[in-house]
Amino acid sequence: MKKELHVISTGRQSIDTLIEIVTEIHPFMDGFHVREKKLGAKQVFEIIERLAERGVPLSKIYVNDRIDVAVCSQVRGVQLTFESLPVDIVKKYFPNLRIGCSVHSLEEAIQKEQQGADFLIFGHIFETASKPGIAPRGVNRLSEICEAVTIPVLAIGGIRLDNIQKVMETKSSGVAVMSGILESRNPLETIQAYRKILNC
């Protein structure tokens, strides 16, 4: 079964740079998450509009937390965090949205599945500069979660080309990558390398 590759914006790049990169690399990804915590709803909506104008399918786009923007822009789904509205409430009122949830423990993963989440993103798996001083959760805990739930689980956090094979050996449904692709020297070559490994 083909593993999914999701790319998540870092919040560190300019909108123009982000749009240029995503326009180029989107054929090789299964999902793109607009995760721009410093931007308001209007700016996030405009990013999606510009991506759509450049040919990025709305069916590949997810919005982090902003359910209103996800609904109004008619994207594929929304990625919820611990600060977001409860999954079951979002499902009740917006049944057409594909809902992902960011989780950090086995208990949380089971709970989110029971509430109706469509997929989970679990991490961080390996050491990453975005989580300094916080021990990674590792592939063993990833495996536990994949065994405990029936919905897809994507791994995130410090996933590089030289360690992605460890994730592939679990029952995870794929990976989510941020700076490893978007901030690489050549995002197109990098995402193609990830895609090649995930397709094996």
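Only a predicted model underlies this, so the values are computations on that prediction, with no experimental measurement involved. FYI, the numbering just counts along the sequence from 1.
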Main-chain N/O of [Y] paired to [X] side chain as donor or acceptor, under 3.5 Å:
X    : Y    : value
D88  : Q114 : no
N199 : K196 : no
E144 : L106 : no
K3   : V175 : no

Worksheet item: Among all residues two or more places apart in sequence or in another chain, which pass the side chain to side chain contact (heavy atoms under 4.5 Å, CB included) test with S14?
Response: D16, T17

Would a hydrophobic clustering, with Ile, Leu, Val, Met, Phe, Trp and Tyr connected at side-chain separations under 4.5 Å, put [X] with [Y]?
X    : Y    : value
I15  : L182 : yes
V78  : I47  : no
V44  : M178 : no
I121 : F32  : no
L80  : L39  : no

Using every non-hydrogen atom in the two residues, find where [X] and [Y] come nearest and quote the distance to one decimal.
X    : Y    : result
A41  : D68  : CB-OD2, 4.3 Å
V87  : G116 : CG1-C, 3.7 Å
A109 : L120 : CB-CD1, 3.6 Å
N186 : E189 : OD1-N, 3.0 Å
I191 : V7   : CD1-CG2, 4.0 Å
V139 : T170 : O-CG2, 4.1 Å

Worksheet item: Does anything in residues 35-48 pair up under side-chain hydrogen bond (donor to acceptor under 3.5 Å, both in side chains), and if so which pairs, sequence neighbours excluded?
Response: S9-E36

Worksheet item: Quick one: side-chain hydrogen bond (donor to acceptor under 3.5 Å, both in side chains) pairs with a partner in residues 97-107, sequence neighbours left out?
Response: Y62-R98, Q79-S102

Response to the item:
Applying side-chain hydrogen bond (donor to acceptor under 3.5 Å, both in side chains) to S84 and not counting sequence neighbours gives D65, T81

Response to the item:
By side-chain hydrogen bond (donor to acceptor under 3.5 Å, both in side chains), S143 pairs with (sequence neighbours left out) none

Item to complete: Keeping to residues at least two apart or across chains, list the ring pair (Phe, Tyr, Trp, His ring centres under 6.0 Å) pairs with something in residues 146-200.
Response: none

Worksheet entry | Among L154, V153, V149, the one residue meeting side-chain contact (heavy atoms from CB on, under 4.5 Å) with F122 | V153

Measure the spacing between [atom1] of [X] and [atom2] of [Y] and express it to the nearest 0.5 Å.
X    : Y    : atom1 : atom2 : result
Q74  : L97  : CD    : CG    : 10.5 Å
S184 : R160 : OG    : CZ    : 14.0 Å
R141 : C146 : CZ    : SG    : 13.0 Å
I156 : I8   : CD1   : CD1   : 3.5 Å
I99  : F94  : CD1   : CZ    : 9.5 Å
I181 : I21  : CD1   : CD1   : 10.5 Å

Discussion item. Just checking E49: does its CD atom have more than 12 heavy atoms from other residues, nucleotides or ligands closer to it than 6.0 angstrom?
Written reply: yes

Check salt bridge (Lys or Arg N to Asp or Glu O under 4.0 Å) between [X] and all other residues, then give those that pass, not counting sequence neighbours.
X    : result
E127 : none
R137 : none
R195 : D30
E20  : R54

Worksheet item: Can you list every pair that meets salt bridge (Lys or Arg N to Asp or Glu O under 4.0 Å) and has a residue in residues 112-123, with sequence neighbours left out?
Response: K91-D118

Worksheet item: Going through the checks in order, is the side chain to side chain contact (heavy atoms under 4.5 Å, CB included) test met by R50 and T23?
Response: CA-CA 10 Å; R50 289 178 63 184; T23 298; over 6 Å; no

Item to complete: Apply side chain to side chain contact (heavy atoms under 4.5 Å, CB included) to the pair F28 and L5, showing each step before the final yes or no.
Response: CA-CA 8 Å; F28 302 97; L5 173 57; 5.5 Å; no

Item to complete: Under the side chain to side chain contact (heavy atoms under 4.5 Å, CB included) rule, what do L51 and I19 come out as? Steps first, then yes or no, please.
Response: CA-CA 6 Å; L51 287 172; I19 288 170; 4.1 Å; yes

Kindly indicate whether the side chain of [X], heavy atoms from C-beta on, has any atom under 4.5 Å from the side chain of [Y].
X    : Y   : value
V69  : I48 : yes
L198 : K2  : no
K60  : R76 : no

Practice prompt. Give me the other members of the hydrophobic cluster that I134 sits in, counting Ile, Leu, Val, Met, Phe, Trp and Tyr linked by side-chain heavy atoms under 4.5 Å, directly or via other members.
Written response: none

Worksheet item: Can you list the steps and then say if M29 with H6 is a side chain to side chain contact (heavy atoms under 4.5 Å, CB included)?
Response: CA-CA 6 Å; M29 67 172 99; H6 287 222; over 6 Å; no

